Amino acid sequence: MRKITLFDTCSDTKRIFEPLEAGKVSMYVCGVTVYDLTHIGHARVYIVFDVFRRFMRHLGYEVTYVRNHTDVDDKIIKRAAEKGQEPLALAEHFIGEFDRDMATLGVAAADVEPKVSDHIAPIVAMVETLIERGFAYESEGDVYFRVERFEEYGKLSGRKLVDMEAGRSGRVDDDEPSKKEHPFDFALWKSAKGDELSWPSPWGAGRPGWHIECSAMATQYLGPRFDIHGGGRDLIFPHHENEIAQSEAATGCTPFSNYWMHIGMVNVGEVSEDGARIERKMSKSLGNFWTTRDVLKGYHAEAVRYFMFTSNYRNPVTYSMENLEEASQRVEYLYTSLARIDETLARAGFGPGNPPPAAGWAEDRGALVEGFSERFDAALADDLNTCRALAAIGELARAINELTQSKKKPSAEAAHTLFAMRQRLTAAGGVLGILEKPPAAALLELRDLRVDVLGLDAALIEQKVADREAARAAKDWAGADALRDELSAMNIEIMDSPEGTTWRVISN
RNA sequence: GGCGGCGUAGCCAAGCGGUAAGGCAUGGGCCUGCAAAGCCUUGAUCACCGGUUCGAAUCCGGUCGCCGCCUCCA
């Protein structure tokens with residue numbers, strides 16, 4: 001089985017991935033707090049891990065993927081109160097919305113998707129263990145983790161408690177008298193105020209703190225130690241740091257997770273007050289977010305996925321219409337390449353389900369075709385280098401388009417080569433979760449989406465295209481060109497070919 | 001204030017010590033009734049300064065700029 005390397009946040013190095021159990025991968029990825037729709041920053045994280053899972057399965061690993069839903073949380077309670085709803089009902093609603101968005105994006109469900117509200121007992125048990133072991137203490141109905149007791153606290157984020165204390169002066173409110181022994185102690189259990197959502201516990205009615213849920217659920221489904229833990233970069237501290245502390249303190253097993261993968265933020269370009277162009281992280285609190293749903297109204301899901309692959313998953317990316325548009329055009333290009341194979345093969349009576357007989361490689365393309373899969377796999381095996389994988393795909397597509405320049409019946413070698421290229425390209429696409437649809441259908445989806453966005457009248461366009469074809473048949477070039485100008489004004493571009501005229505929507 | 005990251009052609013972006021992937025845009029060409037699509041072709045010494053090395057975009061030190069985390073965050 002191919003070895004891969006992963007950049008591990010905890011050791012701050014790229015390491016060869018060695019699973020705890022040969023051939024198997026156990027991974028836990030933090031889900032979202034379900035109090036609102038997901039935005040494109042969330043989408044990035046789940047798309048990346050979706051590709052990671054697809055790739056590992058492609059290599060032959062057996063993957064167990066756990067991704068939670070945080071359905072008990074202050075923000076959910078607050079939002080529910082504003083809306084006059086039950087918190088868990090509100091959460092359930094947004095879990096449904098999350099699932100819908102992910103399904104549209106082609107992100108498959110995780111193998112286990114635990115919810116906090118279903119795991120109160122194991123959470124309480126873990127908190128009790130932490131108290132027994134001296135790593136936690138009760139204080140007025142709350143329970144806190146004693147960070148100073150955990151010697152390795154800070155090992156993930158590379159911070160030291162003393163540094164953090166030094167740096168926090170003036171930046172954190174110290175107004176209220178603390179119930180905590182140390183300012184960085186964090187809540188494992190929070191006592192309920194009034195009649196808000198709560199569960200009984202040895203410390204009175206309350207609910208879990210933010211971090212303990214992941215420790216309890218990851219441990220329950222994957223054991224005290226597992227291979228990979230992931231999430232957005234912004235979870236490194238304090239969330240994942242605290243998870244490590246709680247989990248390792250409670251189970252006594254180290255390390256909690258062997259590898260930590262963190263996905264870079266999605267930024268949004270903005271203009272600051274003094275007119276400078278800046279970039280900032282997309283987030284709910286800054287109010288500068290694009291919901292996944294809104295983005296998908298304007299761009300095809302595969303374009304969104306492609307966009308996520310154009311930069312290293314660890315680096316920040318800038319969300320912009322230009323970037324999405326470019327990604328969209330690349331997806332269209334790739335599907336067009338596949339469609340051209342189908343058209344060319346069809347001329348010789350072959351097709352996806354009717355392969356041409358084996359023959360030699362056309363025009364010295366053997367090395368490219370045979371080397372493609374290796375290049376593609378090697379790229380992804382190198383810490384999921386999707387950029388390099390995309391470069392390989394682009395070069396294969398260009399070769400496809402060279403071979404399909406001719407509108408004649410393909411030679412036996414060309415047919416065989418194109419068929420092989422098609423197989424390689426769609427196989428690679430399957431790993432990335434793109435190019436899996438019949439090309440003609442996908443191209444129509446891409447086109448219809450744009451027709452929709454621009455509010456165009458497809459029937460009218462078809463009519464004008466037909467009129468133009470008639471004019472061309474009559475060699476009325478002036479009339480044909482006039483119609484093309486009319487279409488062009490509507491952002492419609494037409495392509496004449498031996499098979500007839502097709503059209504596409506361009507954006508500007 | 002503390003910790004971390006980034007700065008590569010007009011733009012996006014790989015690169016992890018051996019002489020700069022890929023994409024978009026631009027100019028030229030092929031194809032086309034003319035176009036479009038597609039194909040061919042066209043361009044960088046890697047923020048700046050200094051150092052290590054036979055050799056650095058890649059390592060070390062410093063400067064400048066940008067970003068993230070330190071509070072809820074994917």
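A note on names: the letters A, B, ... follow the listed sequences, proteins ahead of strands, and every chain is numbered from 1. Note that the structure is predicted; figures quoted are calculated from it, not measured.
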Does the base of [N] carry an N or O that pairs as donor and acceptor with the side chain of [X] under 3.5 Å?
X	N	result
A/K160	B/C3	no
A/R472	B/G33	yes
A/D481	B/G33	yes

Side chains of [X] and [Y], donor plus acceptor under 3.5 Å:
X	Y	value
A/D496	A/T501	yes
A/T292	A/T38	yes
A/T13	A/S11	yes
A/T310	A/R330	no
A/D142	A/S191	yes

Report yes if at least one side-chain N or O of [X] is closer than 4.0 Å to OP1 or OP2 of [N]; otherwise report no.
X	N	answer
A/K284	B/A74	no
A/N385	B/G15	yes
A/N401	B/C39	yes

Practice problem: Enumerate the residues from residues 234-244 of chain A whose closest heavy atom to RNA chain B is under 4.0 Å, giving them by residue number; use none for an empty result. | Solution: A/D234, A/L235, A/F237
Practice problem: Scan residues 102-114 of chain A against RNA chain B and write down, sorted by residue number, each residue with any heavy atom closer than 4.0 Å; if none is found, say none. | Solution: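 Of all residues in residues 102-114 of chain A, none places a heavy atom under 4.0 Å from RNA chain B.
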Taking [atom1] from [X] and [atom2] from [N], how many angstroms apart are they, rounded to a whole number?
X	N	atom1	atom2	result
A/K14	B/A14	NZ	C1'	11 Å
A/L161	B/C3	CG	C1'	13 Å
A/R15	B/C16	CZ	C1'	17 Å
A/I341	B/G38	CD1	C1'	13 Å
A/M164	B/G4	CE	P	13 Å
A/L286	B/U71	CG	P	16 Å
A/M495	B/A35	CE	P	17 Å
A/W477	B/G33	CH2	C1'	4 Å

Whole-Å [atom1] distance, [N] and [M]:
N	M	atom1	answer
B/C11	B/A44	P	15 Å
B/G4	B/G51	C1'	25 Å
B/U58	B/U53	P	16 Å
B/G62	B/G2	P	14 Å
B/A9	B/U52	P	28 Å

Proximity to the side chain of [X] - top-ranked nucleotide from [options]:
X	options	answer
A/E402	B/C67, B/C40, B/C3	B/C40
A/D496	B/A35, B/A37, B/C16	B/A35
A/M282	B/A36, B/C16, B/A74	B/A74

Find the partner of [N]: check Watson-Crick (N1-N3 plus N6-O4 or O6-N4) and G-U wobble (N1-O2, O6-N3) distances, both under 3.5 Å, and reply none if neither fits.
N	value
B/C69	B/G2
B/G15	B/U8
B/G33	none

Practice problem: Report the relative orientation of the aromatic rings in A/H39 and A/H42; use parallel for angles under 30°, tilted for 30 to 60°, perpendicular for over 60°. | Solution: parallel
Practice problem: Would you please classify the geometry between the A/H229 ring and the A/W260 ring as parallel, tilted or perpendicular, with 30° and 60° separating the classes? | Solution: parallel
Quiz item: Salt bridge or not for A/R365 and A/E413, using N-O below 4.0 Å?
Solution: no
Quiz item: Charged N to carboxylate O under 4.0 angstrom, A/R159 versus A/E241?
Solution: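 No, A/R159 and A/E241 are not salt-bridged.
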Which part of the nucleic acid, if any, lies within reach of [X] when heavy atoms closer than 4.0 Å are counted: base, sugar-phosphate only, or nothing?
X	value
A/V266	base
A/R468	base
A/H262	nothing
A/G31	sugar-phosphate

Self-check item: A/R67 charged N/C atom sitting above A/F49 aromatic ring, 6.0 Å / 45°
Solution: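 Ring-cation test returns no.
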Practice problem: Measure from the side-chain N and O atoms of A/E113 to the backbone N and O of A/V66, and report whether any donor-acceptor pair falls under 3.5 Å. | Solution: no
Practice problem: Could you tell me whether the side chain of A/R424 and the main chain of A/S373 form a donor-acceptor pair under 3.5 Å? | Solution: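 No; judged by distance alone, with no hydrogens or angles, the pair does not exist.
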For nucleotides 27-31 of chain B, list the nitrogen or oxygen atoms of the protein found under 3.5 Å from its nitrogen or oxygen atoms, one pair per line.
none

Tabulated below should be each protein N or O lying under 3.5 Å from an N or O of nucleotides 21-24 of chain B; please produce it.
residue: B/G23; atom: OP1; partner: A/R398; partner atom: NH2; Å: 3.2
residue: B/G23; atom: O3'; partner: A/R330; partner atom: NH1; Å: 3.1
residue: B/G23; atom: O2'; partner: A/E326; partner atom: OE2; Å: 3.4
residue: B/C24; atom: OP1; partner: A/R330; partner atom: NH1; Å: 3.4
residue: B/C24; atom: O4'; partner: A/E326; partner atom: OE2; Å: 3.2

Quiz item: Can you check whether A/F256 and A/F226 have ring centres sitting under 6.0 Å from each other?
Solution: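 Centroid separation for A/F256 and A/F226: below 6.0 Å.
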Exercise. May I ask you to check whether A/F98 and A/Y46 place their ring centres under 6.0 Å from each other?
Key: yes
Self-check item: With sequence neighbours excluded, residues passing ring pair (Phe, Tyr, Trp, His ring centres under 6.0 Å) with A/F7
Solution: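 Applying ring pair (Phe, Tyr, Trp, His ring centres under 6.0 Å) to A/F7 gives none.
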Can you tabulate the close N/O pairs, meaning under 3.5 Å, that link protein atoms to atoms of nucleotides 18-20 of chain B?
none

Quiz item: Picking from A/F145, A/F186, A/F237, what satisfies ring-ring contact (aromatic ring centres under 6.0 Å, His included) with A/H211?
Solution: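 By the ring-ring contact (aromatic ring centres under 6.0 Å, His included) criterion, A/H211 pairs with just one of A/F145, A/F186, A/F237: A/F186.
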Exercise. Measure the spacing between CZ of A/R422 and CG of A/L396 and express it to the nearest 0.5 Å.
Key: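 Rounded to the nearest 0.5 Å, the CZ-CG separation comes to 12.0 Å.
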